[in-house]
Amino acid sequence: MYIRRSLLFFLMVITRFAPSPTGRFHVGVARTALFSYLWAKKNSGKFILRIDDTDKERSKKEYEEEIKEGLKFLGIEWDFEFRQSERIEIYQKIAFQLIKDGYAYKCYCTPEELERYREEALRKKISPKYPGICRNKKQEVDEAKPFAIRFRVPEEEFEVEFEDIVMGKIKVKTVDIEDFTLLRSDRTPTYNLASCVDDADFKITHIIRGADHISNTPKQILLFKVLGHIPQFAHIPLVLPDEGKGKISKRAEKEISEIYISELKKDGFLKEAIVNHLARLGWAYGDKEIFSIDELVKLFDIKDINRSPARYNFDKLYWLNSEWIRILDDREIVQRLKDFMNIQDEPKVLSIIPQVKVRVKTLKEMAEMIKPIFGITMYDEEGKEKFLKNEKAKKVLEEIVVELEKIKIESENARAEFDKMMKNIAEKYGEKVVFVAQVMRMAIYGKLVSPPLFDVIKVIGKENVIERINSAIKLIEHQNQK
RNA sequence: GCCCCCAUCGUCUAGCCCGGUCUAGGACACCGGUCUUUCAAGCCGGGAACGGGGGUUCAAAUCCCCCUGGGGGCGCCA
C-alpha cells in the first residue's frame with residue numbers, strides 16, 4: 001500500500017515514528033510516538049511506523065512486537081509500516097551513487113585504527129571526530145580491501161542552519177561536522193543514511209523525535225540537500241526518570257519497571273491516563289489537566305512543547321488514572337477489568353462499580369477490591385486478629401444474623417433500616433458503630449477495606465451474607481477452642 | 001576537551017515572544033480541618049518557586065551579558 005503521489009500528497013502532513021527494536025517500549029519513546037501521531041492526526045495527515053532495524057546485532061523481533069503492542073494498546077494507530085531491513089539494496093545503491101556524484105568517498109580505515117584515533121583524541125582532549133584520512137585518497141586504489149563509505153562534508157566553512165519547531169534556530173559550523181559513515185564495510189547502511197533516504201522517499205514533512213538527535217540533524221540536513229527533500233524538524237526534550245540522573249533509556253535496563261508501557265498495562269493503568277500523562281509532560285494547554293485523545297488531537301501543537309526536559313512523575317500518573325477510571329463508563333470498566341479477573345456474572349460486577357471506582361487508582365486494585373464478592377479466599381490477618389477473635393465479636397455477628405433476617409434488602413428504606421440496625425447493635429454492646437461495621441466487614445468480605453457494607457450485601461445477596469457470617473462465627477469458635 | 005540545548009513551588013506547568021494587569025496562577029504530592037460504618041472520594045484551608053550576579057528601563061519572572069546548574073551529543077549504535 002503505497003501512498004499515492006498526488007497534489008494532495010505534497011500538501012499532506014506525513015510524520016513517522018522510527019523506533020529501533022533494540023530495547024523495550026518505555027514512556028520516553030512512547031511520548032515521541034504520541035506526538036508524531038497527534039501531529040499527523042491534527043493535520044489529517046498520515047502516520048508511518050518504520051522499524052529501524054539496521055543494527056542486526058541488537059535488533060530483536062520481541063522488541064518489535066512489544067513496540068507494536070504498546071502502540072496498539074495506547075491507541076496510536078499507524079497508516080503504513082515497513083522495516084529498513086527490507087530496503088538494504090536501496091540504501092546501498094544510493095551510497096554508491098553518492099560516491100559517483102562526489103558527495104561521498106570510500107574509507108579504508110579499519111575499526112581498530114578508528115578506535116585508536118578516537119582514544120588518542122579523547123586523551124589529548126580534542127574533538128574525537130573522524131580526521132578525514134581517506135577523504136582525499138585516490139578512490140580506485142585497494143579495491144579488494146574492505147571499505148566503508150563516508151559522507152563528504154563540504155570544505156567551505158559555513159553554518160548549517162535549521163529552524164527547529166520546538167528548539168528554535170540551531171546553527172552548526174561545517175568544521176564541527178565530521179565525515180560520517182553512510183555504509184559500513186559489511187555493506188549495511190548506518191542509521192543516518194537509511195533514515196534520511198526513507199524520510200526523503202516517503203516525503204516525511206515533519207520529523208518529530210527526541211532531542212538526543214539534535215546533533216545528528218546538521219549531518220542529515222547536508223545529506224537531505226543532496227537527496228532533494230528537507231523535512232521540518234521538531235526535537236522534543238527527553239523525559240527524565242522520576243529520580244536520579246541521566247536519560248530514561250540509559251536507566252531503562254535497571255529495575256524501574258514502571259516506565260515500560262507493557263508493565264503499566266499489567267499494573268492496571270488505562271491507556272487514557274498514560275496518554276494524558278505523556279502529553280502533559282513538556283506540554284500544557286493553560287490550566288487544563290484532563291485530555292482525551294480526541295481533545296489532544298484538537299488542542300495539541302508541536303510549537304507549544306517546552307524546551308526543557310521533564311521528569312516522569314508517577315504520582316500524577318496515579319492521579320490521572322483514578323480520574324480516568326471515574327470518567328470511563330462503568331460498562332467499559334467491566335470489559336477492561338476482564339484482564340485482571342475472571343468475570344462470569346457481569347451484572348453483579350457492574351452494580352458494584354460505582355462504589356469501587358472512587359476507591360481505587362488502578363484496574364488491578366479494582367479487581368482486588370471486587371474479587372471477595374465471589375468468595376473469600378482468605379481473611380486479612382490483621383483484621384482477623386482485631387475483629388474476628390473474641391466472644392463479643394461472635395455475639396455481634398449472631399445478632400447481625402438475627403436482625404438482618406428481618407430486613408428486606410430490596411425494599412425502599414432498607415438502607416435506613418440497615419443503618420439503624422448497626423447503631424442499635426453497637427449501643428447494645430457498648431461499642432461504636434465502627435466496631436460493628438468492621439467485625440461485619442471482616443466476616444462478609446475478609447478485608448479491612450471494602451465498598452460500603454450495604455452495597456456489598458446487595459450484590460452478594462442476603463442468603464450468602466448470612467452464610468459467610470456463620471462461617472466467620474465458626475472461625476471464631478474454632479480459634480477460641482485452641 | 002569540543003559542539004548544541006535548557007533554567008518559575010519537591011514534581012508537571014501557566015505567565016516570558018509583545019516589559020507594568022504577578023502581593024507569580026493551576027495541578028500532583030504534602031500538611032491541617034470537615035464529612036464518615038472501613039478505605040477512598042468530596043468540600044474548606046495551609047506551606048511551597050521566578051538559580052546567582054551584572055546591565056537596559058521610570059518599571060524585569062519577562063529584554064541583554066556573565067557565572068552556576070541541568071540535559072543531550074561527539075561510533076563502521078540508533
Enumerate the ring pair (Phe, Tyr, Trp, His ring centres under 6.0 Å) contacts for residues 168-195 of chain A, please, sequence neighbours excluded, ordered by first and then second residue.
A/Phe151-A/Phe180, A/Tyr191-A/His213
Which value, in whole Å, describes the distance between the C1' atoms of nucleotides B/G70 and B/G52?
15 Å
Assign each of A/Asp176 and A/Thr110 to its nearest nucleotide of RNA chain B by heavy atoms, then name whichever residue's nucleotide is nearer the 5' end.
A/Asp176
What's A/Gly210 touching, base or sugar-phosphate or nothing? Going by heavy atoms closer than 4.0 Å.
nothing
Of the nucleotides B/G75, B/C76, B/G73, which has the atom closest to the A/Ser215 side chain?
B/G73
Which part of the nucleic acid, if any, lies within contact of A/His235, taking any heavy atom under 4.0 Å across all strands shown: a base, the sugar-phosphate backbone alone, or nothing?
nothing
Nucleotide B/C28, atom P - distance to CG of A/Asp287 in whole Å:
12 Å
Figure out the CG/P separation between A/Asp455 and B/A41, and round it to whole Å.
18 Å
May I ask you to decide if the ring planes of A/Phe387 and A/Phe435 are parallel, tilted or perpendicular, using 30° and 60° as cut-offs?
tilted
Can you tell me the base-pairing partner of B/G10? Count Watson-Crick or G-U wobble geometry only, both distances below 3.5 Å, and say none if there is no partner.
B/C28
Nearest-angstrom distance, P atom, B/A14 to B/G26
15 Å
B/C50 to B/C63 separation - C1' atoms, rounded to the nearest Å:
15 Å
I need the NE2-C1' distance between A/His26 and B/A78, as an integer number of Å.
12 Å
Which of these, A/Ile204, A/Leu49, A/Asp198, sits in a side-chain contact (heavy atoms from CB on, under 4.5 Å) with A/Arg16?
A/Ile204
First of A/Thr181 and A/Ala211 reached from the 5' end of RNA chain B, by closest nucleotide
A/Ala211
Using atom CZ of A/Phe151 as one end and atom P of B/G75 as the other, report the distance to the nearest whole Å.
17 Å
Could I get a table of every N or O pair under 3.5 Å where one atom is in the protein and the other is in nucleotides 34-38 of chain B?
| from | atom 1 | to | atom 2 | distance (Å) |
| --- | --- | --- | --- | --- |
| B/U37 | O2 | A/Arg441 | NH2 | 2.7 |
| B/U38 | O4' | A/Gln438 | OE1 | 3.1 |
| B/U38 | O2' | A/Leu448 | O | 3.0 |
| B/U38 | N1 | A/Arg441 | NH2 | 3.1 |
| B/U38 | O2 | A/Ser450 | N | 3.0 |
| B/U38 | O2 | A/Ser450 | O | 3.2 |
| B/U38 | N3 | A/Arg441 | NH1 | 3.3 |
| B/U38 | N3 | A/Ser450 | O | 2.8 |
| B/U38 | O4 | A/Arg359 | NH1 | 3.4 |
| B/U38 | O4 | A/Pro452 | N | 3.4 |

Could you list all N or O pairs between the protein and nucleotides 43-46 of chain B that sit under 3.5 Å apart?
none

How far does CG of A/Leu264 sit from CD1 of A/Ile259, to the nearest 0.5 angstrom?
9.0 Å
Do the non-hydrogen side-chain atoms of A/Trp324 and A/Ser292 ever get within less than 4.5 Å of each other?
yes
With both distances under 3.5 Å as the test, what is the Watson-Crick or G-U wobble partner of B/A49?
none
From CD of A/Glu323 over to P of B/A40, roughly how many Å is that when rounded to an integer?
16 Å
From B/C74, B/G71, B/A29, nucleotide with atom closest to A/Leu240 side chain
B/G71
Distance in angstrom units between A/Leu114 CG and B/C77 C1', rounded
15 Å
Minimal non-hydrogen separation, A/Val456 against A/Ile352, with atom names:
N-CD1, 4.4 Å
If the C1' atom of B/C35 is compared with that of B/G51, how far apart are they to the nearest Å?
43 Å
Rounded to whole angstroms, how far apart are CH2 on A/Trp319 and P on B/U13?
15 Å
Under 3.5 Å, is there an N or O donor on one side and an acceptor on the other linking the side chain of A/Glu115 and the base of B/G75?
no
Roughly how many Å apart are B/A7 and B/G15, using the C1' atom of each and rounding to a whole number?
15 Å
Given protein heavy atoms under 4.0 Å, the one-letter contact record of nucleotides 5-11 of chain B, with B base, S sugar-phosphate only and - none, is simply SSS---S
Say you pick atom P in B/A29 and the same atom in B/G71; how far apart are they, in whole Å?
27 Å
Taking atom P in both B/G20 and B/G25, what distance in whole Å separates the two?
16 Å
Compute the centroid of each ring, for A/Tyr285 and then for A/Phe300, and state whether the two points are separated by less than 6.0 Å.
no
Distance below 4.0 Å between A/Arg326 side-chain N/O and B/A41 OP1 or OP2:
no
Could you check whether A/Asn306 gets within reach of a base, just the sugar-phosphate, or nothing at all, counting any heavy atom under 4.0 Å?
sugar-phosphate
Just how far is it from atom OG of A/Ser36 to atom CD1 of A/Ile302, taken to the nearest 0.5 Å?
8.0 Å
Which one, B/C76, B/C3, B/A40, comes nearest to the side chain of A/Pro111?
B/C76
Which word best sums up how the rings of A/Tyr312 and A/Phe314 line up, parallel for under 30°, tilted for 30 to 60°, or perpendicular for over 60°?
perpendicular
Round to the nearest Å and state the distance from A/Tyr318 atom OH to B/C39 atom P.
21 Å
By the 4.0 Å heavy-atom rule, please label A/Thr54 as base, sugar-phosphate, or nothing.
sugar-phosphate
Just to verify, what does A/Glu119 make a salt bridge (charged side-chain N to carboxylate O under 4.0 Å, His left out) with, not counting sequence neighbours?
none
Interatomic distance, CZ@A/Phe162 vs CD1@A/Ile214, rounded to 0.5 Å, equals 6.5 Å
Compute the ring centroids of A/Phe82 and A/Phe202, then answer whether they are less than 6.0 Å apart.
yes
Per atom distances to the A/Ser20 side chain, the nearest of B/G72, B/A78, B/C76 is B/A78
Has A/Lys371 got more than 12 heavy atoms of other residues, nucleotides or ligands less than 6.0 Å from its NZ?
yes
B/G72 phosphate, OP1 or OP2, under 4.0 Å from A/Arg209 side-chain N/O:
no
Base of B/C76, side chain of A/Ser185 - is there a donor-acceptor contact under 3.5 Å?
yes
Is the shortest distance from a Lys or Arg side-chain nitrogen in A/Glu385 or A/Lys389 to a carboxylate oxygen in the other one below 4.0 Å?
yes
Give the table of side-chain donor-acceptor pairs shorter than 3.5 Å for residues 111-118 of chain A, with sequence neighbours excluded, one pair per line with atom names and distance.
| from | atom 1 | to | atom 2 | distance (Å) |
| --- | --- | --- | --- | --- |
| A/Glu112 | OE1 | A/Thr110 | OG1 | 3.4 |
| A/Glu113 | OE1 | A/Thr110 | N | 2.7 |
| A/Glu113 | OE1 | A/Thr110 | OG1 | 3.3 |

Between B/A78, B/C3, B/G72, which nucleotide gets closest to the side-chain atoms of A/Asp212?
B/G72
Both distances under 3.5 Å, Watson-Crick or G-U wobble: report the partner of B/C2, or none.
B/G73
Taking any strand in view, what nucleotide pairs with B/C63 in a Watson-Crick or G-U wobble way, both distances under 3.5 Å?
B/G55
Distance test, side-chain N/O of A/Arg280 to OP1/OP2 of B/A27, below 4.0 Å
no
